[in-house]
Amino acid sequence: MSKRGGFPGGMGGFGGMNLGNIMKQAKKMQEDMAKSQEVLAQKEFEATAGGGAVSVKVSGDKLVKEIKLQKEVVDPDDVEMLEDLVLTCVNEALRKVDEAQASELGKYNIPGLM
């Protein structure tokens, strides 16, 4: 039996790692992730569709900030085309946010988090 407690064989718990150090590292990682999320939330991502006829800006926390339409794309006889362009543009801007999040937060490499 070990004199210091812990696991038999002198493992000292967690493969010899100090639980206090693990907790400090986890807290620092949590703080770093929160800071990264704040930085991403402040960024803006833009996408265009229809050769620039529609443009959309979204924030890093996925709020639509701006939608711009060129006058020539507004055709009362073809509302469906305008709807498709806006939808395509918004989805592309949101995809860019997802890519930035995956790139920024993926560096923390926590299984099951993303």
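The basis for the numbers below is simple: all heavy atoms, side chains too, and nothing from hydrogens, waters or symmetry mates. If you read the sequence from its start, that first residue is 1, and numbering goes on from there.
Between Ala47 and Cys89, the shortest heavy-atom distance links the atoms O-SG, 2.9 Å. Summarising the geometry of Ser59 relative to Val97, their closest heavy-atom pair is O-CG2, 3.7 Å, with the distance given to 0.1 Å. Shown here for Gly52 and Gln70, the closest heavy-atom pair between the two residues is O-CG, 3.6 Å. Contact detail for Pro76 and Val74: the closest heavy-atom pair is CD-O, 3.9 Å.
No side-chain heavy atom of Glu104 sits less than 4.5 Å from a side-chain heavy atom of Lys43. Residues Lys27 and Glu31 form a side-chain contact, since some pair of their non-hydrogen atoms from C-beta on lies under 4.5 Å apart. Side-chain contact between Met81 and Val73: present, with at least one pair of heavy atoms (C-beta onward) separated by less than 4.5 Å. Proximity of Thr88 to Val54: side-chain heavy atoms (C-beta onward) are nowhere separated by under 4.5 Å.
The line from CG of Asp61 to CD of Gln101 is 9.0 Å long, rounded to the nearest 0.5 Å. Remark: Ile67 CD1 to Leu85 CG distance equals 12.0 Å, nearest 0.5 Å. Here the straight-line distance linking atom NZ of Lys28 with atom NZ of Lys24 works out to 13.0 Å at 0.5 Å rounding. Annotation: the span from Lys57 atom NZ to Glu44 atom CD amounts to 5.5 Å, rounded to 0.5 Å.
Few gaps surround CD on Glu99; more than 12 heavy atoms of other groups in view lie less than 6.0 Å from it.
With hydrogens and angles ignored, the 3.5 Å screen pairs a side-chain donor or acceptor of Ser36 with a backbone N or O of Asp32. Remark: the backbone N or O of Leu94 is not paired with any side-chain donor or acceptor of Lys62 at under 3.5 angstrom.
We find that Arg95 and Glu92 are joined by a salt bridge, their nearest charged nitrogen and carboxylate oxygen being less than 4.0 Å apart.
Under a hydrophobic clustering in which Ile, Leu, Val, Met, Phe, Trp and Tyr are joined whenever their side-chain heavy atoms come within less than 4.5 Å, directly or via other members, Phe45 and Leu63 fall into different clusters. Cluster membership check: Leu69 does not share its hydrophobic cluster with Leu87, using side-chain heavy-atom separations under 4.5 Å among Ile, Leu, Val, Met, Phe, Trp and Tyr.
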